[in-house]
Amino acid sequence: MDNYTETTNENLLRLSGTVEDIIFSNPSNGYSVCDLAVGGELITVTGFLPDISEGDSISAFGGYVSHPEYGEQFKAEYYEKNLPSTESEIENYLASGMLPSIGKSTARAIVEKFGRSALSVIENDPQRLLEIKGLSQKKIDVIHKKFLEQLGVREAVMFFRNHGVSASIAARVFRVFGTESVHVAQSSPYQLIDAVDGFTFETADKIAHGMKFDQNDPRRIRAGIKYTLRREANAGGHTYLPRFTLVRRAQRLLECDAAAAEDAISELLTDGDIVLENMGEYDAIYPEEYYNAERDVAKRLKELSSIYFEINQAETDELIADVEEEGNITLTDSQRLAVKKVLENSALVITGGPGTGKTTIVNTIIRVMQRLGKEVALAAPTGRAAKRMTEVCNIEAKTIHRLLEITAIDDGSRYQQFTRNERNPLKADVIIIDEMSMVDTCLMSGLLKAVPVGARLVMVGDADQIPSVGAGNVLRDIIDSELLECIRLTEIFRQAQESMIVVNSHKINNGEYPTLNERDNDFFFVRRNDAQSLCETITDLCVNRLPRAYGIDSLSQIQVLTPARKTDIGAANLNRLLQNSLNPPSAEKTEKEMRGRIYRLGDKVMQNRNNYQLEWRKSDGESGTGVFNGDSGFITDIDHRNQTVTVMFDDKEVKYDFLQLDDLELAYAITVHKSQGSEFDAVVMPIFETHRLLMTRNLLYTAVTRAKSLVVLVGREDILRLFVDNNNIQNRFSGLKERLRID
């Protein structure tokens, strides 16, 4: 085919030529940068170009863009491989190595035998290749498969693009289904939801509509039921839904009648895709993974609850006294009792608010166990919580995912897998988990599978904080079940009483209004009566007033927490304002605009979903996979040539390609839910009217307890009182408490 450029009826330019050099290629998502020879000129082409090779004749569809560093480039929306048409072109193509087991002599023999029909024979009648000397049935099967793959990539890209599916999702589909991608999408688009991470019900519905699927097609209704359960788990934290609730919510999504939803539920139950359990007053419907995880958590906690250790009281008292003397501390009677209970029980909970001595107890437990020759492992749900645990305990703490050695998975699965499990348990005698309020049902299941027989599990957390982002209400359910020994810490120690953050935290938790604006303290209220002045004040506090008054860094030490994501005082709007003020655009800062969001060098960002495939690397050479919802860091590089954004999460460096940027959001302001497990030097929070479900006492309590040295609330006192007065805790549908109570 001649090299040329023309305009298509899609208002895209068509650029045809030969791939001279592949500058960069990411096999995981198909993004590539190559030099294309077009009419004697080399043009740099970037975009979704999976499975290209040097020497390929291709047509790229897109448009020219001007890059400040690399100059003019052609950005391809998609591409097609131009198959050769003359006998000479076909022979060169076959001899190029693109197809396995075909060298120059075999290529010549194929063309001599079949002429210009050679490629059609390979595609449609490969058995005829047996007429070529040296080609066995096994080799022919491989040749045929590889040729179809090359055709399939093009077909898949075109098909999904025509249905509004992004190139990155199309690449994931092709990795799972290969040459069957289009066939699967056409015949059963809803199958892709479970098989491909990131493929949504809405996308499948769009394809199905284009394929003229009936609105009441049973496959659509079944997929909608499963999607509703998964959505409620992600958005509401429910491990199940009552059957009547599921039917009602599925009807709204699917615009179907109740009978169709009921029929679909019955079919899914028969197939084992969902699980029914009677809760007395109603039937509960679980996604299979949450049902299994919840049952497993209950089973293993019951097993741990039945194991007790005999201790010598006199020797134990002496041992604790030695640790107190060595650490120059004096435990209260309740703290000393907590340490003894850890020695006696295989599993227990230690819960209490700020300033109640949880850290002192944990440190004492560690020293006592080490004196007894026990191996101690520390972990927390997030990197920041683990880092803080390391700092206060003086031994390394890991994230729970890292402790359990999460494995890289590339099979389309959206669920975590761990190397440490019942067959390969942790090598520890005592496992201490901090920030237990953040641990969801599935993560708890993975943790308990890895607890070795005879080990002790100590769960530390504040049960009055908002529950985990993931599904379940693990810490609260364990405490309320009364299955395990629970040490409740209520006494505020004298040194903690000097902090109004601690004092006001407990006041809020007890339903009392906080004390505001005492001189020379760490808890302040700035009165503002409208959203505009509130936002302007928050920006001024972060950029000017707090750094000037307290000598703290705007980016690394101040965190804006907000109840909501949207609205004028939500995270989205505040991030836009704070980004422009704290990290304004300049000629020295590279940036990338993606779907209406700007990512700029130096930006503070946060991972917004668990991604088990993302690779990270530390400066000491250690590497691994997995970046998790709530991990925050800073953009250290934006590479337009290789289409990557580099983020430093504490000590881990992660490279995102541009197609993965949906995983990242700005983090100058974050929701209170996303702040769980983190501690910040200073917290600034808007107090203004928002959704009633978010104006709760435990949300305000959680926000205030994230601050280490300073809290500044900005807004209206009447709204602050509404937060404190509203002790309504949104119920989560979870069966763990009942399971733990059943003998």
Practice item. Would you check, one step at a time, whether the test side chain to side chain contact (heavy atoms under 4.5 Å, CB included) holds for L448 with V297? Key: CA-CA 7 Å; L448 289 171; V297 169; 3.8 Å; yes
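- The backbone N or O of D657 sits less than 3.5 Å from a side-chain atom of Q660, completing a donor-acceptor pair.
- Counting heavy atoms from C-beta on, the side chains of Y668 and V560 never come closer than 4.5 Å.
- Atom CD of E255 has 12 or fewer heavy atoms from other residues, nucleotides or ligands within 6.0 Å.
- Put simply, the side chain of Q73 does not reach to within 4.5 Å of the side chain of V33, judged on heavy atoms.
- The pair R732-D477 does not count as a salt bridge, with every side-chain nitrogen at least 4.0 angstrom from each carboxylate oxygen.
- In this structure, the side chain of R220 engages the main chain of Q215 through a donor-acceptor pair within 3.5 Å.
- Nearest heavy atoms, P563 versus T690: CB-CG2, 4.2 Å.
- Judged by distance alone, with hydrogens and angles left aside, the side-chain atoms of T399 form no donor-acceptor pair with the main-chain N or O of A379 at under 3.5 Å.
- Here E435 pairs with R388 under the side chain to side chain donor-acceptor pair (under 3.5 Å) rule; sequence neighbours left out.
- Listed for the Y599 side chain is a donor-acceptor partner under 3.5 Å among the backbone atoms of L661.
- Here the OG1-OH distance, from T245 to Y282, works out to 8.0 Å after rounding to the nearest 0.5 Å.
- Rounded to the nearest 0.5 angstrom, L192 CG and F199 CZ are separated by 4.5 Å.
- A distance-only check finds no donor-acceptor pair linking the side chain of D271 to the backbone of D273 [under 3.5 Å].
- The shortest side-chain heavy-atom distance between P467 and R476 does not fall under the 4.5 Å cut-off.
- Heavy-atom minimum distance, Y240 versus A284: CD1-CB, 3.3 Å.
- The only member of D603, T646, T644, T590 that meets side-chain contact (heavy atoms from CB on, under 4.5 Å) when paired with I638 is T590.
- Using a 4.0 Å cut-off between charged side-chain N and carboxylate O, E615 and K655 make no salt bridge.
- Between the side chains of R295 and N292, not a single donor N or O lies within less than 3.5 Å of an accepting N or O.
- For the pair L561 and I670, the minimum side-chain heavy-atom distance is below 4.5 Å.
- Between A195 and F177, the closest heavy-atom pair is CB-CZ, 3.7 Å.
- In summary, of the residues considered (S445, S734, C442), a side-chain contact (heavy atoms from CB on, under 4.5 Å) with E294 occurs for S734 alone.
- The OG1 atom of T441 sits 6.5 Å away from atom CG of L736, with the distance rounded to the nearest 0.5 Å.
- K674 meets the salt bridge (charged side-chain N to carboxylate O under 4.0 Å, His left out) test with E665; sequence neighbours excluded.
- To the nearest 0.5 angstrom, I265 atom CD1 is 5.0 Å from R243 atom CZ.
- Listed by chain and residue number, nothing satisfies the side chain to side chain donor-acceptor pair (under 3.5 Å) test with S187 (two or more places apart in sequence, or in another chain).
- Contact detail for L49 and C34: the closest heavy-atom pair is CD1-SG, 4.1 Å.
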Review point. Given the rule in the side chain to side chain contact (heavy atoms under 4.5 Å, CB included) test, do Y656 and Q607 qualify, once you have shown the distances and angles that lead to the verdict?
Key: CA-CA 11 Å; Y656 295 77; Q607 176 78 11; 2.7 Å; yes
Exercise for review: Please assess L241 against I285 for the test side chain to side chain contact (heavy atoms under 4.5 Å, CB included), listing each intermediate value before the final yes or no.
Suggested key: CA-CA 5 Å; L241 286 180; I285 305 294; 5.6 Å; no
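- Taking the side chain as every heavy atom from C-beta outward, D650 and R384 approach each other to under 4.5 Å.
- Distance CZ/R692 to CE/M695: 6.0 Å, rounded to 0.5 Å.
- Judged by distance alone, the side chains of T203 and T200 do bring a donor and an acceptor atom under 3.5 Å apart.
- A heavy-atom distance below 4.5 Å is not found between the side chains of Y79 and V45.
- Using a 4.0 Å cut-off between charged side-chain N and carboxylate O, E653 and R617 make no salt bridge.
- Within a 6.0 Å sphere centred on NZ of K75, heavy atoms belonging to other residues, nucleotides or ligands number 12 at most.
- Minimum heavy-atom separation, I598 to R600: CG2-NH2, 3.8 Å.
- Below 30°, between 30° and 60°, or above 60°: for H401 and F418 the angle between ring planes is between 30° and 60°, a tilted geometry.
- Contact of the N573 side chain with the T567 side chain is not registered, since no non-hydrogen atoms from C-beta on lie closer than 4.5 Å.
- N583 contributes a side-chain N or O that, together with a main-chain N or O of L601, makes up a donor-acceptor pair within less than 3.5 Å.
- Contact of the T382 side chain with the M438 side chain is registered, since non-hydrogen atoms from C-beta on lie closer than 4.5 Å.
- Of the inter-residue distances, the one linking R565 atom CZ with N575 atom CG reads 9.5 Å to the nearest 0.5 angstrom.
- A donor-acceptor pair under 3.5 Å links the side-chain atoms of R706 to the main chain of T702, judged by distance alone.
- In terms of heavy atoms, C256 sits closest to N216 at CB-OD1, 3.8 Å.
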Practice item. Output, in order, the C-alpha distance, side-chain angles, deciding distance and verdict of side chain to side chain contact (heavy atoms under 4.5 Å, CB included) for L699 and H673. Key: CA-CA 8 Å; L699 186 136; H673 284 85; 3.7 Å; yes
